[in-house]
Amino acid sequence: MPELPEVELVARALERALHGQRIASAKLIRAGLAPDNTPQEFARALRGARVCEVGRRGKFIVVRFDGGQVLLTHLRMTGQFKMLRPSQPLPKHTHALFNLDDKSRLAFTDQRHFGLMKIARASELEQTKELRGLAPEPFSDDFTPDYLARVLARTRRMLKSVLLDQTKVTGLGNIYAAEALFLARVNPFVTAAALSRRRVPRLHRAILDVLCEAVSYVRARDVDLENLESNYFSGSGSGWRVYDREGEPCGGCGALVRRVAHAGRSTYFCPRCQRR
DNA sequence: ACCCTCACCTGCACGC
DNA sequence: TGCGTGCAGGTGAGGG
């Protein structure tokens, strides 16, 4: 279910739990989780490897080991890392298990089987099909209003779907895209190239603001790998501004929030604040 | 080349 | 209580 802020949260929690730890053994329980590696490769690459850093690129979690291997993980909708208590049985839908040197165990569970893992060489990381082509990190110097203007000018797709395209803007998903568009008071169904020059910086600012708000909320809390869900941001407790609020009054103008579905995804927006 | 729709899974909330 | 339907925060393959 995670977008950039939630992935960031998980990466931080893993960094805390794993930094400097050695993997005694790793087991790929459902082979489809890492389709580019055999379970044997998976186990061999990680056995005895020491974690030197856990980070994030887009919505990917990047675990670096001292031997030069990297474990890439995408949580997709329902992937979760869980630290297990001693003698705790494997949770339902456990698809990979990492036994650490200190006897603690880390499970990867994934109810919907959408998540992905991959073992890669650190030197080839940027060229993997997973990371190649990802847009610049929103918080990097490369993600500027000019960059966004150039990306938007080049396409006739609707704005919302461009914001969800990880090769154009990385880190946004269905919730934060809707929230950013609302903050910027921009209509989700407008053609990207048709967005006025004046509004581009506003949208850029809004993207950073919604991500920033969520990440700082996450940062301020004690990250807990055993109860990650409780750390997930959902609009600072007050709830999202428009996401999942169909029929409720918009906090800005009181008009009723609308939900429109295409291709099986919902888009929430305020018909008055976000007029075409 | 671009863009949209759907499939990939399981589970949960809802209405009958 | 039980079943059937629709929905879920992601993305790639496939077709138009």
Side-chain angles (χ1 to χ4, degrees), chain A residues 1-11 29-36 56-61 72-81 91-96 108-118 128-135 138 150-182 188-194 207 210-211 213-215 217-218 228-236 239-247 257-269:
Chain A
M1 323 179 307
E3 304 181 29
L4 184 149
E6 292 77 24
V7 177
E8 176 77 18
L9 161 70
V10 175
I29 295 168
R30 183 180 66 85
L33 171 60
D36 294 349
R56 177 191 60 73
R57 173 72 177 99
K59 297 178 192 170
F60 286 90
I61 294 165
L72 265 182
T73 302
H74 198 302
L75 305 173
R76 291 285 181 97
M77 300 283 262
T78 53
Q80 290 185 307
F81 284 99
K92 210 172 173 186
H93 305 300
T94 297
H95 297 151
F108 180 81
T109 68
D110 186 7
Q111 177 198 120
R112 290 172 75 178
H113 299 203
F114 293 173
L116 288 171
M117 286 191 178
K118 173 174 181 143
T128 55
K129 63 175 187 298
E130 287 77 12
L131 300 194
R132 194 191 335 133
L134 275 189
R150 260 178 281 128
V151 159
L152 297 181
R154 275 204 310 255
T155 177
R156 306 166 50 78
R157 297 155 68 187
M158 68 175 77
L159 210 37
K160 166 93 180 308
S161 85
V162 179
L163 294 191
L164 292 178
D165 183 340
Q166 302 298 299
T167 70
K168 305 293 188 290
V169 179
T170 192
L172 294 180
N174 207 30
I175 295 179
Y176 293 103
E179 296 289 308
L181 288 163
F182 173 76
F189 310 111
V190 159
T191 302
I207 291 168
V210 292
L211 291 177
E213 179 186 27
V215 168
Y217 171 83
V218 155
L228 262 189
E229 315 74 27
S230 67
N231 292 285
Y232 276 24
F233 177 76
S234 62
S236 302
W240 310 108
R241 292 174 175 90
V242 286
Y243 180 79
D244 202 23
R245 286 187 171 278
E246 181 181 20
V257 171
R258 288 193 52 197
R259 178 177 82 92
V260 171
H262 25 16
R265 331 267 308 123
S266 295
T267 295
Y268 298 87
F269 66 105

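Just so it is clear: chains get the letters A, B, ... in the order the sequence lines come, proteins before strands, and each one is counted from 1.
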Going by 5.5 Å between centroids and 30° between planes, is there a stack of A/F114 over B/dC9?
->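 Here the ring of A/F114 and the base of B/dC9 are not stacked, as the 5.5 Å and 30° limits are not both satisfied.
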Does [X] place a side-chain N or O at less than 4.0 Å from the phosphate oxygens OP1/OP2 of [N]?
X      : N      : answer
A/K92  : B/dG11 : yes
A/H93  : B/dC9  : no
A/H262 : B/dC4  : no
A/R265 : B/dC4  : no
A/Y243 : C/dG9  : yes
A/K59  : C/dT11 : yes
A/T155 : B/dC3  : yes

Tell me which of A/R157 and A/H113 sits closer to the 5' end of DNA chain B, going by the nucleotide each one is nearest to.
->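 Counting from the 5' end, the first nearest nucleotide belongs to A/R157.
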[atom1] atoms of [N] and [M], separation to the nearest Å:
N     : M      : atom1 : value
B/dA1 : C/dT11 : P     : 23 Å
B/dA7 : C/dT5  : P     : 16 Å
C/dG9 : B/dA13 : P     : 16 Å

Let me know, please, whether A/R259 or A/Q166 comes out on the 5' side of the other along DNA chain C by nearest nucleotide.
->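 Closer to the 5' end of DNA chain C: A/R259.
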Distance-only polar pair, side chains of A/R112 and A/T78, donor-acceptor under 3.5 Å |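 A/R112 vs A/T78: no donor-acceptor pair found between side chains.
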Is the number of heavy atoms from other residues, nucleotides or ligands within 6.0 Å of CZ (A/R30) greater than 12?
-> yes
